J.: 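The structure is given below, and queries will be raised subsequently.
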Number of protein chains: 2
Amino acid sequence: MDAVNEMIIEELKKDSRISMSELGRRVHLSPPAVRERVRQLEEQGIIKGFTIALDIKKMGYPIEAIIEATIKNNRYNDFKQQIQTYTNIDFCYRIAGEACFLLKAHFQTFVDAETFIDELQPFAHTKTNFVFSEVARF
Amino acid sequence: MDAVNEMIIEELKKDSRISMSELGRRVHLSPPAVRERVRQLEEQGIIKGFTIALDIKKMGYPIEAIIEATIKNNRYNDFKQQIQTYTNIDFCYRIAGEACFLLKAHFQTFVDAETFIDELQPFAHTKTNFVFSEVARF
DNA sequence: GTTGAAAGACACCATCC
DNA sequence: GGATGGTGTCTTTCAAC
């Protein structure tokens, strides 16, 4: 991870669709050289994938909630399994702190949010924070 | 946002580097047609950008923390401004709940994390949760 | 890691459905 | 709103250095 690799990552973060030639131009490297570096970054798992950034609100999910979940009755595995069945979860972290997990999910309506939280209750008690806005990206 | 657009988003989420021809093949549309749809999705702001998914731990930041910040002395703007100066923040949400903001940041060492939290104290009181792991993606 | 050449793929446009 | 076909450009890929 030298300075050139950092530049490569910076450029791909801004636009992952540029060609290897264009990327080479931007970081002052030949196409085969930059291609090989990207391949290695993928191989090392530093670059996990090429993807898109989505605006979840504009996709018809105006409600976003961050939920802290504290597991009940030792039902860790049930909780994890339940979590996997949802497609409206943006991330879920196992954390050290007051709660056991912290997750973010999105909903079309408050009714959907209520249903979601209710469904978690057998496994965890929850504390829900609704998202007003995101402070501009970094 | 019909079923085809959802397929387009799904494919680009998996690999944002495929050509418009390949994307067209996957969603059963001609290259110009799929190209136009992607253009519109960008224009509408549903697709915010083409980017990469990074493994922050493998980039030399083994420590990740989720920090809840409750603003002190009405210093909202100072806090927001301070936040913008950091490059180690993954996201920051303005939320409804016990705290005012919830942010995630990454660090090389615990000393860095301590310094970071200390620097926020003039503006907010904080509650820090360290991240053990991420529950597999969705 | 660079260069150069060949083959191929892609984007783009106009046209038509 | 989508399909087709032709053109020019750019990229990729490989070899040799």
Side-chain angles (χ1 to χ4, degrees), chain A residues 1-63 87-88 106-109 112 137-138, chain B residues 1-62 87-88 106 108 137-138:
Chain A
M1 270 303 294
D2 58 358
V4 176
N5 275 5
E6 280 175 23
M7 285 173 69
I8 288 174
I9 285 172
E10 220 38 59
E11 291 301 327
L12 288 177
K13 230 179 359 185
K14 282 191 285 185
D15 185 0
S16 63
R17 278 185 68 80
I18 55 173
S19 67
M20 288 299 120
S21 314
E22 174 59 24
L23 182 57
R25 245 167 263 136
R26 297 192 189 178
V27 305
H28 309 296
L29 230 57
S30 69
V34 79
R35 190 184 186 287
E36 177 59 16
R37 276 172 178 265
V38 171
R39 201 194 58 72
Q40 283 176 19
L41 286 169
E42 284 189 74
E43 197 178 77
Q44 292 167 32
I46 292 175
I47 295 179
K48 290 192 286 187
F50 299 86
T51 186
I52 47 176
L54 292 168
D55 189 321
I56 205 76
K57 287 199 202 298
K58 289 186 180 160
M59 286 182 73
Y61 297 88
I63 297 161
T87 57
N88 64 324
H106 53 267
F107 309 98
Q108 293 186 317
T109 66
D112 294 338
R137 263 277 145 83
F138 306 94
Chain B
M1 272 300 294
D2 58 0
V4 177
N5 275 5
E6 279 173 25
M7 286 172 67
I8 288 174
I9 285 172
E10 219 41 57
E11 291 301 326
L12 289 176
K13 230 177 359 183
K14 282 191 285 185
D15 184 0
S16 63
R17 278 185 69 79
I18 54 172
S19 67
M20 287 299 121
S21 315
E22 175 59 24
L23 182 56
R25 243 167 266 137
R26 296 192 190 178
V27 304
H28 310 296
L29 231 57
S30 69
V34 80
R35 189 183 186 287
E36 176 60 16
R37 276 172 177 265
V38 172
R39 201 194 58 72
Q40 283 177 20
L41 286 168
E42 285 189 75
E43 195 178 78
Q44 293 166 32
I46 291 175
I47 295 179
K48 289 193 286 188
F50 300 86
T51 186
I52 48 176
L54 292 168
D55 189 321
I56 205 76
K57 288 199 202 295
K58 289 186 179 160
M59 286 182 74
Y61 297 88
T87 57
N88 64 324
H106 54 266
Q108 294 186 318
R137 263 279 145 84
F138 308 92

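Residue numbers begin at 1 in each chain, while the letters A, B, ... track the order of the sequences. Everything quoted here is computed from the prediction, not taken from an experiment.
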J.: 5' to 3' on DNA chain D, which nucleotides open and close the contacts with chain A (atom under 4.0 Å from a heavy atom)?
T.: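 Range of nucleotides touched by chain A: D:dT11 to D:dC14.
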J.: Scan residues 25-41 of chain A against DNA chain D and write down, sorted by residue number, each residue with any heavy atom closer than 4.0 Å; if none is found, say none.
T.: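 Contacts with DNA chain D under 4.0 Å: A:Arg25, A:Pro32, A:Arg35.
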J.: Does the side chain of A:Asp112 come within less than 4.5 Å of A:Asn88's, by heavy atoms?
T.: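 They are not in side-chain contact.
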J.: Taking atom CZ as the centre, does B:Arg17 end up with more than 12 heavy-atom neighbours from other residues, nucleotides or ligands that are less than 6.0 angstrom away?
T.: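 Yes.
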J.: Between the side chains of A:Ser16 and B:Thr51, is a donor N or O closer than 3.5 angstrom to an acceptor N or O?
T.: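 No, B:Thr51 and A:Ser16 have no side-chain donor paired with an acceptor closer than 3.5 Å.
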J.: So, for A:Ile9 and B:Met59, which heavy atoms are closest and what is the spacing to 0.1 Å?
T.: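 The answer is CD1-CE, 4.0 Å.
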J.: So B:Val27 and B:Glu10, do their side chains get closer than 4.5 Å, heavy atoms only?
T.: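 No, side chains not in contact.
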J.: Under 4.0 Å from OP1 or OP2 of C:dA9: is there any side-chain N or O of B:Ser19 that close?
T.: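 For C:dA9, OP1/OP2 do not have a side-chain N/O of B:Ser19 under 4.0 Å.
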J.: Go through A:His28 and A:Val4 one step at a time and tell me if the side-chain contact (heavy atoms from CB on, under 4.5 Å) criterion holds.
T.: CA-CA 9 Å; A:His28 309 296; A:Val4 176; over 6 Å; no
J.: Can you check side-chain contact (heavy atoms from CB on, under 4.5 Å) on A:Phe50 and A:Val38, steps first, answer last?
T.: CA-CA 11 Å; A:Phe50 299 86; A:Val38 171; 4.1 Å; yes
J.: Rounded to whole Å, how long is the line connecting atom CD of A:Glu22 with atom C1' of C:dA9?
T.: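 Whole-Å distance recorded here is 18 Å.
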J.: Going by the rule ring-ring contact (aromatic ring centres under 6.0 Å, His included), which residues pair with A:Phe107 if we only count those two or more places apart in sequence or in a different chain?
T.: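 A:Phe107 satisfies ring-ring contact (aromatic ring centres under 6.0 Å, His included) with A:Phe116 only.
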J.: Would you kindly give the CG-to-C1' distance between A:Asp2 and C:dG1, to the nearest whole Å?
T.: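 The distance from CG of A:Asp2 to C1' of C:dG1 comes to 13 Å, rounded to the nearest Å.
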